[in-house]
There are 2 protein chains.
Amino acid sequence: MTTPQMLLAIQIANGYGAQPGAWRMPGVDPSGYTDMDVLVRHAQAAERGKIQLVFLADTPALTVDLEREAPQMAVDPLVVLTSMARGTERIGLVATASTTLNEPYTIARQFKALDVASHGRAGWNAVPTSSPAAAANHGLALPPRAEKYERAHEVVQIVQALWGSWERAAWVRDVAGGRFADTSKIRPVDLQGRHVASRGPLPIPPSEQGQPVVFQAGGGGNGLEVAARYASGVYANPFSIEEGRAHRTALRAAAERVGRDPDEVELFAGFMPSVASSRRAALDRRRRLDEVVDLDQRVTYLGAMLGLRLGAEQLDEPLTDQQLAAARPSPGDPRAPHTLEIAREGWSLRDVLAHGVIDYHPVVPGTAADVADHMQQWFEAGACDGFSLAIDVHADGIDAFVDQVVPLLQERGLFHRDYEGATLRDHLGAPDQYGLDPRLAGAAHASS
Amino acid sequence: MTTPQMLLAIQIANGYGAQPGAWRMPGVDPSGYTDMDVLVRHAQAAERGKIQLVFLADTPALTVDLEREAPQMAVDPLVVLTSMARGTERIGLVATASTTLNEPYTIARQFKALDVASHGRAGWNAVPTSSPAAAANHGLALPPRAEKYERAHEVVQIVQALWGSWERAAWVRDVAGGRFADTSKIRPVDLQGRHVASRGPLPIPPSEQGQPVVFQAGGGGNGLEVAARYASGVYANPFSIEEGRAHRTALRAAAERVGRDPDEVELFAGFMPSVASSRRAALDRRRRLDEVVDLDQRVTYLGAMLGLRLGAEQLDEPLTDQQLAAARPSPGDPRAPHTLEIAREGWSLRDVLAHGVIDYHPVVPGTAADVADHMQQWFEAGACDGFSLAIDVHADGIDAFVDQVVPLLQERGLFHRDYEGATLRDHLGAPDQYGLDPRLAGAAHASS
Ligand SMILES: Cc1cc2nc3c(=O)[nH]c(=O)nc-3n(C[C@H](O)[C@H](O)[C@H](O)COP(=O)(O)O)c2cc1C
Ligand SMILES: Cc1cc2nc3c(=O)[nH]c(=O)nc-3n(C[C@H](O)[C@H](O)[C@H](O)COP(=O)(O)O)c2cc1C
């Protein structure tokens with residue numbers, strides 16, 4: 001492989017799709033939230049497209065308006081990923097587990113169990129929790145930010161040390177000699193931090209990839225420090241090529257500062273494609289999805305983003321010339337310049353919203369070529385190493401992406417035609433690591 | 001059904017079997033510890049025998065001698081049970097999760113996710129932890145016993161309240177009307193105990209059985225109190241019919257004292273059958289298994305149990321007449337009287353040990369009829385409501401039990417011929433319960 005190729009993650013958590021209205025679209029099983037058959041089928045479709053990994057974001061709290069919207073989270077990440085492991089062969093399986101609300105031993109055991117069960121396909125997105133509701137579910141109040149990150153370092157270090165507590169050659173399984181394991185190669189970790197501690201060892205031998213891959217997301221400078229030290233993949237939300245490049249440059253520099261090769265950390269930019277036969281058809285698809293959301297509220301939000309007072313009565317009209325002239329994109333919202341561009345094209349406000357201008361990732365509603373063009377442009381500009389796809393409706397949206405966009409990316413030499421190996425580390429080209437990274441030994445937060 | 005029938009649980013945790021030497025027997029995959037295919041096949045074999053449930057005991061610590069023995073625990077109970085859920089249709093799926101080392105929100109979410117994923121087949125064995133090694137893995141020291149049980153009550157109550165935080169009719173899924181859920185029927189629990197707390201609600205709607213079934217094990221009078229209030233099933237280790245009857249009588253009385261029908265709580269007696277074509281063949285099977293264990297140590301232990309000094313040099317000899325006359329069964333060991341009976345039959349010490357006299361459950365090495373006779377005798381004497389089977393070697397031992405013992409029990413009218421329904425509650429005849437048991441409202445440990 002001479003030219004670099006992009007990596008793809010896909011977010012599949014609730015059995016419906018990334019859009020709040022996905023649960024009621026035609027062809028969608030309205031019980032998909034709890035039905036592992038549905039979730040496994042979606043993972044299988046992604047695997048058909050050679051997508052490197054499934055990613056389940058997770059915050060242990062109910063925060064959406066369930067009157068109209070499905071939870072965005074899985075019933076439980078471990079149950080969903082284990083189900084997917086049973087129904088797929090190659091695709092990576094990654095989920096968030098909070099470093100604020102969990103003990104390192106539990107994270108280490110559950111993710112490594114998933115790793116051996118999936119034959120080396122597990123990954124852990126290590127993030128502190130910023131949701132007070134999630135903390136309250138655990139009977140806690142959120143600690144100050146500095147403490148949260150101090151604990152995050154301790155948790156990741158203890159988890160990785162536990163993962164390495166069986167040397168690779170420890171699991172002998174010598175039937176004739178009656179020796180199950182070489183216990184001189186299985187050792188406690190005996191790590192004690194300020195916030196968490198564990199003796200170990202973990203009861204689990206190495207997987208086909210040794211141990212799970214660590215991911216990281218968000219958190220500004222503190223998050224960058226966690227990512228630079230431990231992560232092989234970073235989930236990010238840039239809203240422009242410039243933002244993506246800035247984040248990726250900062251991440252690579254931070255990795256280098258701790259002695260790592262910057263190519264060891266891959267930035268996945270969140271991205272929401274809505275694929276249809278034309279841009280108009282894609283907008284109609286998204287308008288249908290918008291029927292479940294509160295458009296009055298969204299139009300007000302749109303106004304705030306553009307420095308205008310907008311109301312629902314204008315939903316089926318474009319901005320007037322006066323409005324366009326008066327518009328002042330909010331400097332605090334990275335989505336605002338793109339929103340104004342779209343509005344200038346003369347779409348009705350309903351269609352401007354259908355462009356996903358206020359969604360949590362950049363949206364491209366259009367043909368497969370439109371989507372592939374956008375991805376190529378971002379990737380070639382160095383805005384990211386790949387994308388974390390949030391597909392509007394899983395039931396038909398994953399197939400559309402896999403059958404229409406993936407072949408275009410492959411033809412353009414931008415995406416692999418098959419998995420490079422059997423493990424998540426293989427898919428990412430992530431270097432071998434077992435236990436703690438010895439290059440970080442000097443930076444230990446937890447000590448024995 | 002007029003005559004009561006026994007219930008059967010089967011312990012399948014490590015992919016090998018209940019005997020420490022199982023991992024190296026012929027036909028056993030020495031990698032079965034981490035291989036979900038192997039574990040799923042064992043669960044499927046048990047399901048073919050209409051066994052009501054799989055039970056995974058769990059203590060989060062490595063305590064066996066891994067040089068010779070496999071871990072007795074699963075790599076992770078949730079990963080193993082979810083894998084089994086994907087490969088089976090009816091059998092119940094029950095595991096231990098410590099009330100000492102886990103937060104109620106995590107237990108509630110993970111077990112209810114397993115419950116919806118398995119269409120109503122999950123159960124939770126709620127026990128405090130008595131292993132200092134397990135506590136040290138979580139960076140903790142064990143609290144005093146009274147505190148452990150105070151916390152156990154709080155954890156179970158909050159877990160059950162979280163399970164009930166969506167009313168049964170809350171999950172509307174009205175596609176045409178655009179209503180996902182009726183949020184007036186989804187409420188936080190806002191429970192605060194002395195040790196743990198949770199706001200809720202849980203993000204999970206009811207399963208086909210409403211919520212998971214609660215089990216309990218061990219713990220003397222404190223454990224009995226937990227069982228009486230919350231459990232539908234209790235795992236116990238009686239070594240004689242008298243012990244079983246005493247435990248069962250105490251359990252039923254305790255349940256009645258808190259206002260429950262004693263038939264709502266079923267006692268499962270631990271039992272280790274070794275099925276072969278003859279008693280001699282069964283003993284040879286177990287002798288082969290004993291090759292991996294330290295027989296010198298076991299013979300010393302046997303001596304202590306009988307009040308004799310015994311050494312390895314006598315392994316292939318029976319007790320002498322003088323030894324038999326001098327033997328004083330240890331009053332502190334409930335297995336001692338049975339051990340002396342076996343020794344009196346004139347077996348070599350190696351064969352006495354092959355009878356499993358120092359195992360952690362009663363053992364019957366013999367034909368299918370011997371095993372069925374033992375079970376019938378215990379069951380008809382009221383020593384238990386069923387058995388928790390620890391099969392010596394899963395690879396062929398589950399088939400032997402299912403194909404040879406189960407038909408005998410069925411012919412004798414002692415065991416059902418098919419599952420009574422689709423859920424674990426159906427299998428147990430456990431009464432419907434959703435949320436906390438309202439009969440226990442007055443005994444709340446956690447309050448809002
Ligand atoms: C792409 C992306 C994915 C994220 N995924 C999660 C997640 O799954 N769970 C979560 O609790 N937070 C998630 N976050 C939130 C960040 O981790 C959040 O920034 C973090 O909690 C930082 O909080 P802080 O501002 O207190 O540092 C994500 C953030 C980004 C940008
Ligand atoms: C049949 C049976 C099964 C048990 N299963 C478990 C188990 O899976 N995990 C565990 O930690 N303890 C288990 N125990 C141990 C009891 O829960 C133990 O008695 C409990 O930790 C009580 O401790 P205590 O003596 O401090 O009350 C089991 C006990 C019995 C009798």
Side-chain angles (χ1 to χ4, degrees), chain A residues 21 23-24 30-31 33-34 36 60-62 65-71 73-76 78-80 82-83 85-87 101-103 105-106 109-110 112-114 116-117 133 136-139 173 175 178-183 186 192 196-205 207 291-292, chain B residues 21 23-24 30-31 33-34 36 60-62 65-71 73-76 78-80 82-83 85-87 101-103 105-106 109-110 112-114 116-117 133 136-139 173 175 178-183 186 192 196-205 207 291-292:
Chain A
W23 67 272
R24 57 189 289 247
S31 302
Y33 175 47
T34 59
M36 297 304 119
L62 261 175
D65 176 9
L66 289 177
E67 283 287 332
R68 294 151 166 261
E69 306 180 12
M73 311 296 164
V75 285
D76 178 74
L78 198 70
V79 168
V80 169
T82 302
S83 299
R86 296 300 300 161
L101 305 175
N102 297 291
E103 293 291 334
Y105 187 86
T106 304
R109 185 176 184 197
Q110 296 199 325
K112 195 154 182 211
L114 176 67
V116 296
N137 282 338
H138 286 259
R173 288 163 288 178
V175 170
R179 191 175 197 199
F180 185 73
D182 177 350
T183 52
I186 300 175
Q192 176 71 54
V196 286
S198 186
R199 182 192 291 170
L202 207 65
I204 312 181
S207 78
E291 283 169 20
V292 80
Chain B
W23 67 272
R24 57 188 290 247
S31 302
Y33 175 47
T34 58
M36 298 304 118
L62 261 176
D65 176 9
L66 289 178
E67 283 287 333
R68 293 152 166 259
E69 307 180 13
M73 310 297 165
V75 285
D76 177 75
L78 198 70
V79 168
V80 170
T82 303
S83 299
R86 297 298 302 161
L101 305 175
N102 296 291
E103 293 291 334
Y105 187 87
T106 304
R109 185 179 183 194
Q110 295 200 325
K112 195 152 182 213
L114 176 67
V116 296
N137 282 338
H138 287 259
R173 287 164 287 179
V175 170
R179 191 175 196 199
F180 185 74
D182 176 351
T183 52
I186 301 174
Q192 176 70 53
V196 285
S198 187
R199 181 192 291 169
L202 206 65
I204 312 180
S207 79
E291 281 168 23
V292 80

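All of these numbers come straight from a predicted model, not from anything done at the bench. A, B, ... follow the sequence lines: proteins, then strands. Residue 1 opens every chain.
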Can you tell me which portion of [X] sits under 4.5 Å from chain B's heavy atoms? Options are side chain, backbone, both or neither.
X: A/Leu202; value: backbone
X: A/Ala85; value: neither
X: A/Ser31; value: both
X: A/Val292; value: side chain

If you compare all heavy atoms of [X] against all heavy atoms of [Y], which two are closest, and at what distance to 0.1 Å?
X: A/Thr106; Y: B/His138; answer: OG1-CE1, 3.2 Å
X: B/Ala117; Y: A/Val79; answer: CB-CG1, 3.7 Å
X: B/Pro205; Y: A/Thr34; answer: CG-CG2, 3.8 Å
X: A/Arg24; Y: B/Gly178; answer: NE-CA, 3.4 Å

With no hydrogens and no angle check, is any side-chain donor or acceptor of [X] less than 3.5 Å from a backbone partner on [Y]?
X: A/Ser198; Y: B/Asn137; answer: yes
X: B/Arg109; Y: A/Val75; answer: yes
X: A/Glu67; Y: B/Arg179; answer: no

Just jot down the ring pair (Phe, Tyr, Trp, His ring centres under 6.0 Å) partners of B/Tyr33, sequence neighbours excluded, or say none.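 Not a single residue meets the ring pair (Phe, Tyr, Trp, His ring centres under 6.0 Å) criterion with B/Tyr33.
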Among [options], who wins on heavy-atom pairs under 4.5 Å with chain B?
options: A/Ala74, A/Pro203, A/Gly139; value: A/Pro203
options: A/Thr183, A/Val116, A/Asp182; value: A/Thr183
options: A/Gly87, A/Pro71, A/Ala133, A/Ser83; value: A/Ser83

Quick one: which of B/Gly200, B/Pro201, B/Ser207, B/Pro60 has the most heavy-atom pairs under 4.5 Å with chain A, could you say?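 Highest number of heavy-atom pairs under 4.5 Å: B/Pro60.
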In terms of heavy-atom pairs under 4.5 Å with chain A, which of B/Arg173, B/Arg68, B/Lys112, B/Glu103 leads?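 Of the options given, most contacts go to B/Arg173.
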Any side-chain heavy-atom pair from A/Leu78 and B/Asp76 closer than 4.5 angstrom?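 A side-chain contact exists here, since the closest heavy-atom pair is under 4.5 Å.
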Hey, what's the ring geometry for A/Phe180 with B/Trp23, parallel, tilted or perpendicular (30° and 60° as the breaks)?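 Because their plane-to-plane angle is over 60°, the rings of A/Phe180 and B/Trp23 count as perpendicular.
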